[in-house]
Amino acid sequence: MESTYRNAAREHAAKEPQRVAILPPELANQIAAGEVVERPASVVKELVENALDAGARRISVEIVDGGRERIRVEDDGCGMSREDALRALERHATSKISKVDDLFTIATLGFRGEAVPSIGSVSHMEIRTKPHGQLSGTRIQIDGGILSGVEDFGMAAGTTITVDDLFFNTPARLKFLKTPGTEARHITESLMRVGLSRPDVRIHLKKDGKVVLDLPEVESLKDRILGVMGRDVYNDLYPTFDYPSINGIVCRGYFSKPGHNQRSAKNVYVFVNGRYVSDSTIRAAIRGSYGTMLEKGRHPSVVLFMDVPFSLVDVNVHPAKTEVRFHDTNSVYRAVYHAIADQLAEAPWLERTGRVYKLNQPESSKDDGDIITPAMATFEPLDARQNRFSQLKPTVNRNPSGVLSPFFETHRDLQQGFAAAGAAPLSEPPRIAIGEVDPTLAVSSANYFSSLKVIGQFKRMYIVCEDATGMVIIDQHAAHERINFERLRKLFAAEYKEVQPLLFPQRLELDTIRAQTMHESLDFFGQAGFEIEHFGANTFALKAVPAVLAKVKHEKMMADALDDFAEHGRSDRVEEAMESVLSRMACHTSVRGPHPLSTEECEALLVQMDEIDFKANCPHGRPVYYRIPLMELESSFDRR
Amino acid sequence: MLSNYSEPPETQEDLLTRAESMAGHNLAEVAAVTGDEVPRSLRRAKGWVGIVIENYLGATAGNRAVPDFEKLGVELKTIPLDDTGKPRETTYVSTVPLTDIEEVEWRESPVYKKLQTVLWVPVQAGKETPIGERVVGRSLLWSPSEEEEAALRKDWEEHLDVIRRGYIDNTTGRDGEILQIRPKAADASKRTWTVNEDGNSIMTKPRGFYLRTLFTEYLVRRYILGVSDAEWG
């Protein structure tokens, strides 16, 4: 039979059978290295994790030429005796587990005993190590997996591993490396993850002789977030909701408020039992929790720590260990979802804007220096605007448009005439002293909008209000839309579960996986208002749909939902589709365009805003309000 | 799921269950169960869709002038729908009596009897869709409501009045709100006896009572899709 493609496996099978032989250790290590050591960043990750498992409090990493030429990882951990160091070069030699049961209670980051021999097999590697309390250390040299030298060596306690000429003997792997800049970026990202998981450890990265990352040891996660993610992200983060444990799964951390997002998911950091993971269920739960508040293709900033009982998670999936397997994805989803969504519903950023903040707030959180876990970390609100105003630089004499204005010096005469003769001079607004908190000014997010004083309407589209320390502008359409949306959502959830039969049932010809998932999900779809009948084999007939979804493209929605079920054991597609329809309905029934509102109508709108969830954003995710703090205004007028 | 029913349905519920089992299947699949051959075109196989569905459901009447499901007193009507969901053609009910009609009462009329209980089966009939791929829709077992019967009766009585007065040749398809009269014959040359306005016997084209598409569309919307404000006007 002529084949259109080359089938190497078939060609091999057609040859005379080969003898079965055990691979030489160097070759076995090189094969293992193919999985463990994908690029320089994997080397750094493995060595840094070993350092952490050795109890290091200070880890320095140096790289040259993106890690191709040199990677050096130095730690002050417990070090190794000569005997242990030599044994570590054997494959599957580890101090971290010793029996099968240990695999199910892995608390260390590494456990396979593959990393060191794998790295040694594809580089020139030098290990210098000395345990505490011993007079001299050991220096070991390995070249392409061959031990080429062992000697005593004087050094401080700890371990330093230097990896030179990575992949020198595997040119194919070398060819696939990206530019030094890209490889260095991967290394930095890897260290940022480590940094977030261990604020108690100093992390230092030097690239081609220059320091590019220096994370000093800090006491709290929030300080480490500031160091790793920068102030812009830090300012927009809020602590998650303290949702009770679900099947022993606890999720705590920080999430960004709506409006803060980026094109890539680079600012999503999730740690399961202290280990950085990339998991589709968790990603889906984060996306689901934001719902319409997050534009398509955008990602929030999130730092989450999950405590998952060892019996419910398998970390022994891939040597790189960023993949884990959950035994109960539904509970994982719910834990993440509620931690974020339940707090998003409260719009905690309103509380922050509704009060005066005390600067230089003393730190109160402590940790015991171990891997951060949700139960151990203290998640305090971050002071969003703590230093924002110090960054504002007053600008004077700006007249970018060149328009004549009484506010510019060139028109002193007009300026003098600004206040009408005989009119009372404008009183200076009270200055708010930085460093003081007036408890009477504290406003809970639950009644933030109703606490605002309506000043008036601008362009018949915006309601202008004031709170204790700033001016608040509300988009009346967005506010009304959110109110209508929440009402519709409640109404449809409670009363309007109408079902719309399809005149011609829609055939769903599914692939085997989706068909199997459909069988398992029929109850879910039935409860949501779908009538689905099995037509035999992989074909189903969709006979009725929830009335609110009558005009939705059912085939695509169901295919997406089935894929979600297959992957995560649950799906929000139906709810999302319903919300999309309801949000359109809400939009069409809301005040649109310029529309005059009386003060009473404005106030009524504000009161209604406080009666609903997710009040700070319209159903499409756009913000409902914009706030200009008094201090910012004063800075603009050079009053500060 | 389709089944091969060897016996006629025993009850109306049984009939409806059989009809519902066709919903979503195409005519080729139904024909595969009944053993009917799918024609390439309906031009030379007029009525094939009705026949294959009758066969599947276990209709017994054949060509006899009795309800399709004689024991149940149920007439079967298919509704061919275009791609937009609108009926493509009017629905034939019965022949128009042109003689001996002086004493005919509505409740004795074939129109009333034929429409007493009807199983409506919508079938896709988009011009571009091959016959075998046309899908059978959700069925409706219907008896006219008081309001619907009153509307049918009004049209029928007006038509009968026109015929009695000898003006059958002046009747057009535009007459009648939901029930119209149109020529009905295998070929256009066929003629039958009637009486003209002067009381003389004359030859005229045989005619039939048809339900307008507006009415069958109303039935689909009102009863199958559950559109509560559906009207036939």
Side-chain angles (χ1 to χ4, degrees), chain A residues 491-492 495-512 514-516 518-523 525-526 528-559 561-562 578 581 585 588-589, chain B residues 1-4 16-30 32-33 49 53 78-88 120-126 128-129 132-142 213 216-230:
Chain A
L491 205 63
F492 273 82
E495 298 170 30
Y496 285 85
K497 283 202 166 173
E498 267 184 66
V499 167
Q500 173 67 63
L502 299 181
L503 177 56
F504 293 105
Q506 191 170 351
R507 289 167 78 107
L508 304 169
E509 315 232 347
L510 307 174
D511 61 41
T512 308
R514 283 181 181 160
Q516 204 176 331
M518 179 64 97
H519 280 297
E520 293 158 7
S521 320
L522 283 175
D523 278 353
F525 286 116
F530 293 90
E531 190 189 325
I532 299 169
E533 188 185 313
H534 184 217
F535 258 20
N538 291 344
T539 306
F540 291 79
L542 179 59
K543 292 192 154 184
V545 297
V548 70
L549 296 181
K551 289 181 180 167
V552 164
K553 286 183 179 169
H554 306 112
E555 202 164 356
K556 184 177 180 307
M557 184 188 65
M558 301 206 82
L562 289 172
M578 278 188 188
V581 172
M585 287 167 69
H588 293 144
T589 52
Chain B
M1 206 146 43
L2 292 172
S3 303
N4 195 350
L16 193 58
T17 305
R18 292 182 185 199
E20 277 298 303
S21 72
M22 287 188 296
H25 287 283
N26 60 38
L27 291 174
E29 290 168 332
V30 179
V33 175
V49 175
I53 288 174
T78 59
I79 312 177
L81 299 176
D82 67 15
D83 292 333
T84 65
K86 290 196 182 300
R88 275 190 62 181
W120 296 98
V121 183
V123 180
Q124 278 181 349
E128 302 301 317
T129 315
E133 291 174 23
R134 296 178 179 181
V135 175
V136 181
R138 297 190 82 148
S139 299
L140 163 69
L141 193 59
W142 170 82
T213 55
T216 43
E217 186 184 353
Y218 150 79
L219 292 178
V220 168
R221 285 167 54 79
R222 172 83 174 79
Y223 294 107
I224 300 181
L225 295 178
V227 179
S228 53
D229 56 352

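All values below come from the heavy atoms of this structure, side chains included, with hydrogens, waters and symmetry mates left out. Below, chain A is the first sequence line, B the second, and so on; all start at residue 1.
- Taking every heavy atom of both residues into account, A:Pro505 and B:Gly137 meet most closely at CD-CA, 4.3 Å.
- Interface residue B:Leu81: only side-chain heavy atoms are found under 4.5 Å from chain A.
- The distance from atom CG of A:Leu502 to atom CZ of B:Arg138, rounded to the nearest 0.5 Å, is 7.5 Å.
- Open room surrounds CZ on B:Arg221; 12 or fewer heavy atoms of other groups in view lie less than 6.0 Å from it.
- In this structure, the separation between CZ on A:Arg507 and CD on B:Glu29 is 4.0 Å, given to the nearest 0.5 Å.
- Annotation: maximal heavy-atom pairing with chain A below 4.5 Å, among B:Pro122, B:Gly226, B:Ser21, occurs at B:Pro122.
- Among A:Ala550, A:Pro501, A:Ala544, A:Gly536, the residue with the largest count of heavy-atom pairs under 4.5 Å with chain B is A:Pro501.
- No donor-acceptor distance shorter than 3.5 angstrom exists from the side chain of A:Lys543 to the backbone of B:Gly24, with no hydrogens or angles considered.
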Could you give me the CA-CA distance, side-chain angles and deciding distance for A:Phe535 and B:His25, then say whether side chain to side chain contact (heavy atoms under 4.5 Å, CB included) is met?
CA-CA 9 Å; A:Phe535 258 20; B:His25 287 283; 3.3 Å; yes

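- Residue B:Gln124 holds its CD atom at 5.0 Å from CZ of A:Phe504, rounded to the nearest 0.5 Å.
- For a residue to count as touching a neighbouring chain, one of its non-hydrogen atoms must lie under 4.5 Å from one of that chain's; by this rule B:Val220 touches chain A with the side chain only.
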